[in-house]
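Atoms within a ligand are numbered from 1 in the order they appear, just like the ligands themselves. All residue numbers refer to positions in the sequence shown, counting from 1.
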Amino acid sequence: MKKVIKNGTIVTASDTFVADVLVENGKIAMIAKNLPSEGMEVIDAEGCYIFPGGIDPHTHLEMPFGGTVSRDDFETGTIAAAFGGTTTVIDFCLTDKGIPLKNSIETWHNKSKDKAVIDYSFHLMIGEINEEVMKEIPQVIEEEGITSFKVFMAYKNVLQADDETLFKTLVMAKEQGALVMVHAENGDVIDFLTKKALEEGKTDPIYHGLTRPPELEGEATGRACMMTGLADSQLYVVHVSCQEAAEKIAEARSKGYQVYGETCPQYLVLDQSEMERPDFEGAKYVWSPPLREKKHQEPLWNALKSGQLQTLGSDQCSFDFKGQKDLGKGDFTKIPNGGPFIEDRFSVLFSEGVKKGRITLNQFVDIVSTRSAKLFGLFPEKGTIAVGSDADLVIFDPTKERTISAQTHHMAVDYNAFEGMKITGEPVSVLSRGEFVIKDKTFVGELGKGRYIKRKRFNAEGQKQLAALSK
Ligand SMILES: NC(=O)NCCC(=O)O
Ligand SMILES: [Zn+2]
Ligand SMILES: [Zn+2]
């Protein structure tokens, strides 16, 4: 049945206007004032914004880490994402050295296919570059539509790759039209500092933060940027947490390098003191890079506002406080790294960003949806409200006030990192390809209805246009 959304204010990355939206066969069929509605399902969005569905470019659902597995999987994680206004997630598929890439991708398809309630795609981790990997990559791009590859510069002896691997990945990405993503921290120095801290009897959660200082994120970010310039390639720095890293990205961009950056809501509103909570509660706030001193928040907001950082990822990687985080009692290095943010990413940015005057409404849409669609080959099917785009839509009440709490969130994890935070604005209904997933704040979706999305190559549209012009 056709649907028409009436009386709402449509907001895209560039425009804000009042119009009706006609939804047919999962797509946006028409946008105009006073659309006829006979025989259609009419949705009244009076007083609400209509946003394109959020795109979360950074999740770790059911991910093995530190001897355990992240608590939210593709079922609970995507349901929570939908409640929060997100209609597409891009999850990180981990790989193992010596194992064909296609085996790891199959594992990730098995985790997700009958569970996801919204659309999803995968980035692929690169831990080594050798002949086999190089042979597989063109197939991965062609057959799986995976066009972004992640290199970890930290987590020594676990996920960390060396500089040679990063540089070869950048060269490969340039040739193949892919985007390289980095977790940028200097893993070797962190390894030394963590061992030293433990030897000195410093075992509490706060030492996770103190052994990963911002200088080490800045250094690794600068190194990755330098290699990107040398390879004339393209780079996306995930979870930028500090001024040092944001400055390295801005410096690289000022030289014309194709470098992009993502921050996360936790770095914008929480600070390092959370890791000092008594009774081991600081462990709830252990993730990497760690929370920083409060003074880093303003530079991150400014970088988002000025466009030096482009996107907001959740870095969802949730572990229960009881039974998972407590693996690290007496040794902070054994606390599984990560936190629960998939549900609150969208509304925290709206409330702290738009409502507090730090970013505009259109910048909000750009950051929470459009730029990720463009960078990761999903645009214009996703990331905007336009005729022909997928009807991934969020009907959002900008006046509703609420308090974030684990008592009311939809993630499976037993705490919320933003517990007690008062925010303004809430998704009321969420549609994925024209079907309600959330209707009047109630889940009405179906497990397995989310589709795996094959993505276009990096900047595919731009390259097509250039090729057309030079004919
Ligand atoms: N961020 C974090 O602590 N855990 C997830 C893995 C990663 O992104 O580094
Ligand atoms: Zn990371
Ligand atoms: Zn991550």
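Using a 4.5 Å heavy-atom cutoff, the side chains of K325 and D320 are not in contact. Taking 4.5 Å as the limit, every side-chain heavy atom of H409 sits out of range of all side-chain heavy atoms of F418. Side-chain contact between V180 and Q234: absent, with no pair of heavy atoms (C-beta onward) separated by less than 4.5 Å. At a threshold of 4.5 Å between non-hydrogen side-chain atoms, the residues L94 and M63 count as touching.
Scanning the protein heavy atoms around atom 3 (O) of ligand 1, the nearest turns out to be S288 N, 2.8 Å. Y155 OH, 3.5 Å is the protein heavy atom nearest to atom 7 (C) of ligand 1. Looking only at heavy atoms of the protein, atom 4 (N) of ligand 1 is closest to N337 O, 3.1 Å.
Residues forming a ring-ring contact (aromatic ring centres under 6.0 Å, His included) with F332 (at least two apart in sequence, or on another chain): none.
The ligand atoms of ligand 1 that sit less than 4.0 angstrom from a heavy atom of H239 are 8 (O), 9 (O). Ligand 1 places these atoms under 4.0 Å from at least one heavy atom of D315: 1 (N), 2 (C), 5 (C), 8 (O). Atoms of ligand 1 found under 4.0 Å from any heavy atom of H58 (numbered from 1 in listed order, with element): 8 (O). Those atoms of ligand 1 with a heavy atom of W287 less than 4.0 angstrom away are 3 (O). Each of the following atoms of ligand 1 lies closer than 4.0 Å to a heavy atom of C317: 5 (C).
Below 30°, between 30° and 60°, or above 60°: for F83 and F443 the angle between ring planes is between 30° and 60°, a tilted geometry. Taking the six-membered ring for Trp and thresholds of 30 and 60 degrees, F319 and F65 have ring planes inclined between 30 and 60 degrees apart. Classification of the H183-F152 ring pair by plane angle, with boundaries at 30° and 60°, yields tilted.
The Zn ion (ligand 3) sits nearest to atom NE2 when only the N, O or S atoms of H60 are considered.
Taking the six-membered ring for Trp and the full ring otherwise, W287 and F341 have centroids separated by under 6.0 Å.
Excluding water, every protein N/O/S atom under 2.8 Å from the Zn ion (ligand 2) is given here by residue and atom: H183 ND1, H239 NE2.
For E200, the CD atom sits in a packed shell: over 12 heavy atoms of surrounding residues, nucleotides or ligands are nearer than 6.0 Å.
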